[in-house]
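Remember, it's 1-based here, ligands and their atoms both numbered in the order they're listed. Every value quoted in this text rests on a predicted model; they were computed, and no experiment measured them.
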Amino acid sequence: MDLYEFYQSTDLSNMPACRLLTNFLQVLRKQVRPWLEKVTNLKLDYVSASCSMYTCGDYLLVHDDLLKDRQVAFIYYLSPWEGAEEWSESQGGCLEIFGSDDQCFPQFPVQRKIAPKDNQFAFFKVGSRSFHQVGEVTTFDYPRLTINGWFHGETNEAFVADSLRAFPRLNYLQPDSLNKPPLGLFLNNVYLKSATRRSIQKRIEENSEICLYEFFKREKFELARSQLLADSNTLKWRRQGPANAHNYEVLDLTTAKGTILELLQLFRSHAMFDLLRDFTDLDLSGADAQSPKCSVELQRWSHGNYTVLGDGLASEENTLDLVYYLNAAEGAAVITYLSPDAEMPAAKAPADNRRSDYDGEDEDDSVLLTITPVDNALNIVYRCEGTTKFTKYVSRNTPLEKGPVFVISCSYKE
Ligand SMILES: O=C(O)CCC(=O)C(=O)O
Ligand SMILES: [Fe+2]
């Protein structure tokens, strides 16, 4: 769900009726494998291969292919076929290769792009730095067709080491005692009433989540949104990597000013911790509170942005997440929460545990909640230990003519 969108066949060895494909598998086994052994000096025991088709809007996000005994990855390209025009980078769909830092985290920008070409073979050694992706296909002219897979051998040493590599974690801070923005100036009055607070608490107890529409006063929301859209000089944004975990921009909070600054301060204020205690009955303030903390991030989402599931994204403790949208657009920055057992226990897998369309399994069982972007709505989610979440890749088909989508994303713990 998080990593890719394309069509994939079952393994070629399960397609006895497709003679040409079965023959191709024989060529891989009998001719390519011994040749590759000679070229690489690796012992290669068997081949796994399937067919892939990417149509307009399809993609495969950053991954390393590392799994068990995979040694060499290959891709044999079948489009654009003979006589058709060459594939150009502007049509998307390139195999994009990443460089990585000292800790083997893939880095932006992409280092090398390989466009599909009829009868072209690509190979690479699978290892702890073999990060690559398939860029979103943006053409309707041809589907991007490949036969691809892996030559397998001994257990890949990098696979064992890889499970120790953790994702970056959020930075939690204590409530801010310096700034005391009065809630009454910002919040829609209805959310300050004790009757409303009680019914919110009841709802969160029952459902673990709620969406509070028109959370801030309209004029505050409009001010913040127009400031975000207009300000191209003072606000500083940086791309948040590593590329195998996420790709979106976050605001350098020291450059925030005006209403944006006020809103960000509000989320870290004692008044907010008090309000959230009333909404949830969590010990985020009051006599029983031990050391409540929060992390606050202002994100900017445009085409091509995403987060993917990873080891570090499963929360280690129960947290209260807040998600607030500005300049919301349908289909952009959609967040999905998944149940703890959705991921493989051995930490690593989503990239390489792709299910083919032939498995026929319903993969939605694990979805706990999907947050739909709505302007000026505050989504509150009580998230249990082990739950994971991701923000879906924003495809170029998503209309963003009103500009990027902004998300204030906060996480609180007791
Ligand atoms: O199709 C390509 O160029 C790469 C495919 C790939 O990385 C994969 O299927 O794991
Ligand atoms: Fe791959």
key: Heavy-atom nearest neighbour of atom 3 (O) of ligand 1 within options Y76, Y4, Y77   = Y77
inquiry  = Quick check with a 6.0 Å cut-off and a 45 degree axis cone: is R300 positioned over the face of F406's six-membered ring?
reply    = no
ask   = With a cut-off of 2.8 Å, does any N, O or S atom of D64 fall short of it relative to the Fe ion (ligand 2)?
value = no
query = Closest to the Fe ion (ligand 2), which N/O/S atom of D65 is it?
reply = OD1
ask   = Checking D58 side chain against T55 main chain: does a donor-acceptor pair fall under 3.5 Å?
value = yes
inquiry  = Is it the case that ligand 1 has an N or O less than 3.5 angstrom from some N or O of D65?
reply    = yes
remark   = If we number the atoms of ligand 1 from 1 as shown, the ones under 4.0 Å from a heavy atom of N148 are 8 (C), 9 (O)
request  = May I ask whether Q8 places a heavy atom under 4.0 Å from ligand 1?
outcome  = no
Among V47, L21, T22, side-chain contact (heavy atoms from CB on, under 4.5 Å) partner for L12 = L21
request  = Enumerate the atoms of ligand 1 whose separation from the nearest heavy atom of L60 is less than 4.0 angstrom.
outcome  = 6 (C), 7 (O), 8 (C), 9 (O), 10 (O)
inquiry  = Side chains of Y76 and N119: any donor to acceptor distance under 3.5 Å?
reply    = yes
ask   = Taking the six-membered ring of Y77, is the NZ or CZ of K117 close enough (under 6.0 Å from the centre) and on axis enough (within 45°)?
value = no
ask   = So is Y54 polar-close to ligand 1, meaning N/O to N/O under 3.5 Å?
value = no
message = Taking the six-membered ring of Y172 as reference, does the cationic atom of K413 (NZ for Lys, CZ for Arg) lie under 6.0 Å from its centre and within 45° of its axis?
response = yes
query = Should the proximity of I114 to ligand 1, defined as any heavy atom under 4.0 Å, be assigned to the side chain, the backbone, both, or neither?
reply = neither
query = Is it the case that more than 12 heavy atoms not belonging to E219 sit under 6.0 Å from its CD atom?
reply = yes
ask   = Quick one: which ligand 1 atoms are inside 4.0 Å of a heavy atom on R144?
value = 1 (O), 2 (C), 3 (O)
Enumerated ligand 1 atoms positioned under 4.0 Å from heavy atoms of W150 = 10 (O)
ask   = So is H63 close enough to ligand 1, meaning a heavy atom under 4.0 angstrom away?
value = yes
request  = May I ask you to decide if G93's main-chain N or O and R144's side chain share a donor-acceptor pair within less than 3.5 Å?
outcome  = yes
query = Between D11 and A49, is there a donor-acceptor pair closer than 3.5 Å when you use the side chain of the first and the backbone of the second?
reply = yes
task = Run the contact test for F124 against ligand 1 with a 4.0 Å cut-off on heavy atoms, strictly below, and give the result.
result = no
Contact (N/O only, under 3.5 Å) between H132 and ligand 1 = yes
Proximity to ligand 1 by part of F6, non-hydrogen separation under 4.0 Å = neither
ask   = Would you say the side-chain atoms of D176 pair up with the backbone N or O of R268, donor to acceptor, closer than 3.5 Å?
value = no
Where ligand 1 meets V134 - atom numbers and elements under 4.0 angstrom, heavy-atom basis = 1 (O), 2 (C), 3 (O), 4 (C), 5 (C)
